[in-house]
Structure formats: structure tokens, C-alpha cells
Amino acid sequence: MRNAREFNFDGLVGPSHNYAGLSFGNVASFNNVRSASNPRQAALQGLAKMRALAARGFAQGLLPPQARPNFRLLRRLGFTGTDADVLARAYRESPVILACAYSASPMWTANAATVSPSADTADGRVHFTAANLNNKLHRAEEHVQATRTLRALFANPDRFVVHEPLPSTPAFGDEGAANHTRFASAHGAAGVEFFVYGRVEFDPSAPAPTKYPARQTLEASQAVARLHGLDAARTVFASQNPAVIDQGVFHNDVIAVGNGNVLFYHDQAFADEAATLEALRRALGVTGTDLRAVRVDTGVVPVADAVASYLFNSQLLSKPDGGMALVVPHECREVATVARYLEQLVASGRSGNGAIDELIEFDLRQSMRNGGGPACLRLRVVLTDEEAAAMHQGVLMTEDLYARLVPWVERHYRDRAEPKDLADPQLAIECAAALEDLERILGLPGLYDLS
Ligand code: SUG
């Protein structure tokens, strides 16, 4: 077995972070539509999380924000003239399209890609596929920059492969790592890759939600598994429970999370709980490992409370000195059933009877108001020491990088953004200046195609 660590790449929140209510099926995004955001605070909250986890010895990096507004999208949709003309006309004729071009959503990097570590792939390289996110206009172009960014960070072809995204059509709806989890006895050991889908394009009789969209298809998950060269005996595909999608569980990472041999999940998460656990046990058995299932019952935490608190949108991290920590948002303390449950969970972990023995809490309210918790904010990439040395080092979180990024945020970010501000040509100029500076700070010239 190779020595490997799990790196978490958090999305650095961009200078135009805003609430536009663009995600039908995502309760928080809908509830906070058109309220004022604070981009500066959002970015600082995210950076504080990265810094704290890095200081605890977890391998931590960041993915840079995407260029906003997306002028290419606006021009393709017929808004012409100078940049100021494009913004004014889009705001007048279709403020929702302008909001899509300004979406904050690339900050949730769990949706940036699906990643398979080299221990799982046929060619022994780390494989990435940027998610096409084709269910929502405001996310459907993120893969262009995501692919470009991943190719800039993981450029060495002997170690890394960044595939083209899947075709952007409903049959291949792909939401990346938000619907993908990996289990293994240790990060560097051969693991089990677990894909959870919301619908099956080519089988209309398969379960599917009726109220809210299912964003991930089985066909997309299977294509990613093929591209990454995964071993069928160690790959599991499972259907999400359509009834929970209809209650606001728009990604599986809102109702389940896995790490090591632990699956932390709600009893309503899967369409067929017993068959899903059995398939995971069988696949893990191939690696000589037992599944440890930590199940939360509806009677203890109802689905609505799980969605309101983002209990399962937590990061489950193997601590450098043993044990596992659950990284949760403050909202988990504010929902009574969840607060009670967590107390008991950690107490039993500490007494040696459970897998999770520590809670780490963060204030991520700016992100939470758009439906993004700790797990949405990060992309997991397991890297051996050699692979880690082969990637671009400028995005790894250190005290030095943190100390350079905080003043950068304070220099470039506003402390308030409302829907009408998106029409302000000055905001677009400020965003471009911020990213130009960021390319220098991260040592990534040419990261953005600003032509
Ligand atoms: O795709 N919200 C994102 C939240 C993504 C959370 N990611 C994971 N669960 N991994 C989404 O729904 C809201 C944008 C707005 O409404 O302005 C938004 O896109």
C-alpha cells in the first residue's frame, strides 16, 4: 500500500458572492432569494475554515474562484455592445440570466469534479472528470474553467488525467463528487467507489422524484467509472431515495457522507437501504475491510432537520493521530434534534464505542444561505507523496498563503451585494482586478481566459 493523504480543496469564494435563488430543489437557495450577501465575509469564513483545518494537520488546498460575470455566456445569449451595455441590457431584459452569469456557485467545489485516486484506477494515475452540472443554467458552464483549473494544478501527465466533461445532455447529468464517496481501509489502499444517482435516463420505470429535479443520472456515474478505469468489483452504484430529493436533498452529500470504512447516513437516504449496504459490504470485502455503518433514524433526526442543519453535509476526516472528526456548520447546534444527536454520537466515540470522536464547528453562514455546507465547499483528492509533490504547490494552504489572501480579500471584496449591484459595471471591473491579482498570488499566470 502506498502512503497517501486526503487533500481537501476548498472553493475560494469569489468577489461577487450573491443570493439569486437559482437552484430549484435547493431549499436554502430558494428561501434567501434576492437577500443581500456579504462577499467579503463569505470569503473570510471560507479562509478561516481552510486555515484552521490546515493548522490541525489536515492536508488543505484551495480552488480559485471563476471569472464573473460570465460575459461569454451573456454575449452568446444575444446581449451585445460594450461590457457596460451587456450588463445594462441583461439587467433590463432578463435579470435572471444576469444572475446566472454572476453565480456564486463555483465556490462549492464538491461539484467541480469526480476524482479517483491512483490506488483505484487501472493505469495507476489520479483521474478527474469535471462535472457538467447541466441541470442548472447558472452552473452549466462551470466545467470549462474547472477543467482548465484542474489541468493547471494537476499538469503532470505521468501522474494525472483530467478528462473532458460528459456530454451536456440530460442523460448524462453529472454533479461530481457531491454524489460520490470513497471507502478504503486507508487513503492509500485500493478502495471502493460509491456513486449515488437520482434517476435513470434509459429506464423510465426506475424510481425518480416528482417535485424537484434529480440532477445525477446512473448513466453519468457509469461513464465516469469507465473513464476512470475503476474495477467493477470495487464500484457500487445506488439509487438515492426520490422521496428525500423531493424534501430538498438535491445532492446525496446532503444526507450521507463516508470516509475510511465509515458510512454516516440517514435511514431515508437510499431507495433500497438494505441492498445498498449489502453491495458496499460485498465490495469492501474484496479489499478485506468491513463496512462500519453509522445510521441516523428518522425518529431521532427527521429529514427536514437534516436538511435545515446540514448534519450530513459535514466533512468526515481521519485525524492525523487517529480517530475521526466531523466538521459541521454552526446550524447543527441550532436544530435541537441534531444538537442532541451529535452530543451522544461524540460521547460514544470518545468512550471507544463509535467511530467519530470529535466535532469541529465553523461559521459558514454566508455559504449555508445558498445551500452549501462544509462538504459542499471542498473537493477531496487523495494523493500519494509523489503525486502531492507533482501538483502545483501555490494553492496549498499555509500560514503564508492565508496571510496573503486575507489582505487580498479586504482590498478587492465588497461587504454587500444585492441583485441590483450585478448591473453595476464597476463590480465587473473590481472582479477582474481581483482575479488578476490572484493569478500572481497563486503563481498561476494564464489561469483565466479573459479574452
Ligand atoms: O448547486 N447552490 C448550489 C449549492 C451546491 C451545494 N453543493 C453540494 N451539495 N455539494 C446548488 O444548488 C445557489 C445559487 C443561488 O441561488 O444564487 C446554488 O447554486
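Remember, predicted model here, so these are calculated numbers, not experimental data. Atoms considered below: every heavy atom in the structure, side chains included; atoms not considered: hydrogens, waters and symmetry mates. In what follows, residues are counted from 1 in the order of the sequence shown. Counting starts at 1 for both ligands and their atoms, following the listed order.
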Requested in this report: Kindly assign one of parallel, tilted or perpendicular to the pair Tyr212 and Phe24, based on the angle between their ring planes and the thresholds 30° and 60°.
Outcome: perpendicular

**Report entry** Polar side-chain atom of Gln216 near backbone of His251 as donor-acceptor pair, under 3.5 Å
**Finding:** no

Query raised in the report: How about Arg333: does its CZ atom have over 12 heavy atoms from other parts shown lying under 6.0 Å from it?
Result: no

Requested in this report: Fit a plane to each ring of Trp408 and Tyr413, take the angle between them on a 0 to 90° scale, and name the class: parallel (under 30°), tilted (30 to 60°) or perpendicular (over 60°).
Outcome: perpendicular

Short N or O contacts of ligand 1 with protein, under 3.5 Å, listed by atom name?
from     : atom 1 : to     : atom 2 : distance (Å)
ligand 1 : 1 (O)  : Arg139 : NH1    : 2.8
ligand 1 : 1 (O)  : Arg215 : NH1    : 2.9
ligand 1 : 2 (N)  : Asn26  : ND2    : 3.3
ligand 1 : 2 (N)  : Asn370 : O      : 3.1
ligand 1 : 7 (N)  : Asn111 : OD1    : 3.0
ligand 1 : 9 (N)  : His251 : ND1    : 2.9
ligand 1 : 9 (N)  : Asp253 : OD1    : 2.8
ligand 1 : 10 (N) : Asp253 : OD1    : 3.4
ligand 1 : 10 (N) : Asp253 : OD2    : 2.7
ligand 1 : 12 (O) : Ser23  : OG     : 2.7
ligand 1 : 12 (O) : Asn26  : ND2    : 2.9
ligand 1 : 12 (O) : Arg215 : NH2    : 2.9
ligand 1 : 16 (O) : Gly21  : N      : 3.0
ligand 1 : 16 (O) : Leu22  : N      : 2.8
ligand 1 : 16 (O) : Ser29  : OG     : 2.8
ligand 1 : 16 (O) : Asn370 : OD1    : 3.4
ligand 1 : 17 (O) : Ala20  : N      : 2.9
ligand 1 : 19 (O) : Ser23  : OG     : 3.2
ligand 1 : 19 (O) : His138 : NE2    : 2.7

Query raised in the report: What is the ring orientation for Phe9 with Phe7, classed by angle as parallel under 30°, tilted 30 to 60°, or perpendicular over 60°?
Result: parallel

Report task. Specify whether His228 and His163 have parallel, tilted or perpendicular ring planes, treating 30° as the upper limit for parallel and 60° as the lower limit for perpendicular. Result -> parallel

